[in-house]
Amino acid sequence: MSQSASILHKLPAGSQAIAIGPDGRLKVPDHPAVGFIEGDGTGPDIWRASRLILEAAVAKAYGGARRIYWVELLAGEKAFFETGEYLPAPTVEAIKDLKVAIKGPLTTPVGGGFRSINVTLRQVLDLYACIRPVRYIEGVPSPVRHPERVDMVVFRENTEDVYAGIEWPAGSDQARRLIQFLNDDLGTSIAPGCAIGIKPMSALGSQRLIRRALDYALARGRTSVTLVHKGNIQKFTEGGFRDWGYELAAREYGGRVVSEEHQPKAGQVVLKDRIADNMFQQALLRPEEYAVLATPNLNGDYLSDALAAQVGGLGMAPGANIGDRAAVFEATHGSAPKYAGQDKVNPGSVVLSGAMLLEHLGWLEAAELIAPALSRAIQAGQVTYDLARQIPGAKEVPCSVFAQRVVEMM
């Protein structure tokens, strides 16, 4: 029996696997099996709290008619302890079969050590769209005056640009040979001893990401999609991303998507583009003018974190990595190992990522219960330490207690 068949054979009793129909849409049973990776460091604490909230939302919305059956998948330090691998092959195969999974934070060392598990999952599962909704939740402390003006969804390309990971260290034979080729054959003037990196970006990779952003904006009544690029300097990679976006809109979205020069009609989406550094300024000064951002990998990495900071930080920032055949929803912050096992850390990022998961399943009634309950719990003043130290008069409570408060607020 193959690994894939083995995973499906061992689904929890009473559950069914999610399928993908011929039209590419999910076919979700009332009792789906969904994978979870609890994560490293604070991951187990956060996952227990998040699971409680997600299950409560489903129960309240559907009164027992629907239920998620969770299937644990191993990755990170727990996987290494049990299998000797940080990302075992059966975990990847299981996500392919289950179609949907959620995970806590996973540790990746800076510099040496193993490759990022997060990046590896995105690459091997072709999860080409990193989707980061950034919206202010009332009651969360913010460093800006009007965080409520931020309501953007960032679509960040996940498989090309710097995440393609093609580079050679300074002084290596590979770098020396490449520098020699570039200087001798292509007329560049790169100094000897440089480290070298290559940044591949394609029309296919860019357009499938931009297509998903445009479809999202049209389906959700979002007014605009903005292509964020550095095409004034890198004209054929970043500039290509911009040009391919406009080409796609003209070819596939006639009458539904218009450029900025036109006055949009009801139901039309305006396609804009902004130079990356200018977009950072716009995100601070005029965030209300931007609804959906479509970006190459590195631009989206910076922007999504900067936007999250405006609404209270990564502790309350959800994220998803979605492809045509699978989706993984995740915490956007690190594993915070010094707080591991202390029942201390804010579960907001995983909870809100779980709300995105419910929305992905089409269970909107449950998804829409979570953010308002989270906001009411925060405003009630019993919060985890990261929020308590910023909210005057707030009482610090453990992660598990905070989760109970969120459930009560549903």
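Predicted model only: the values in this text are computed from it and were never measured. Values below: all heavy atoms of this structure, side chains included; hydrogens, waters and symmetry mates excluded.
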Regarding Asp45 and Arg48, does a basic nitrogen lie under 4.0 Å from an acidic carboxylate oxygen? yes
Inspect the contact between Asp386 and Lys344 and indicate whether a charged nitrogen and a carboxylate oxygen are less than 4.0 angstrom apart. no
Take the angle between the ring planes of Tyr339 and Tyr385 and call it parallel below 30°, perpendicular above 60°, tilted in between. tilted
With a 4.0 Å cut-off, would you call Arg325 and Asp126 a salt bridge? no
With a 4.0 Å cut-off on N to O distance, would you call Asp273 and Arg242 a salt bridge? yes
Distance under 6.0 Å and angle within 45° of the ring axis: does Arg286 meet both against Tyr290? no
Write down the atom of Ala377, the atom of Phe402, and the distance for their closest heavy-atom approach. CB-CE1, 4.0 Å
Report yes or no: do Asp30 and Tyr62 form a side-chain donor-acceptor pair below 3.5 Å? no
Taking Gln207 as the fixed residue, which of Arg251, Arg212, Glu252 is the one that meets the side chain to side chain donor-acceptor pair (under 3.5 Å) rule? Arg251
Ser375 meets the side-chain hydrogen bond (donor to acceptor under 3.5 Å, both in side chains) criterion, sequence neighbours left out, with Gln379
Considering residues at least two apart in sequence or located in another chain, which fulfil the side-chain hydrogen bond (donor to acceptor under 3.5 Å, both in side chains) criterion with Glu359? Arg220
Once you measure the plane-to-plane angle for Phe36 and Trp70, does it fall in the parallel (<30°), tilted (30-60°) or perpendicular (>60°) bin? perpendicular
Looking at Glu330 and Arg122, does any basic side-chain N land under 4.0 Å from a carboxylate oxygen? yes
Please check this pair: side chain of Thr332 against backbone of Pro318, looking for a donor-acceptor N/O pair closer than 3.5 Å. no
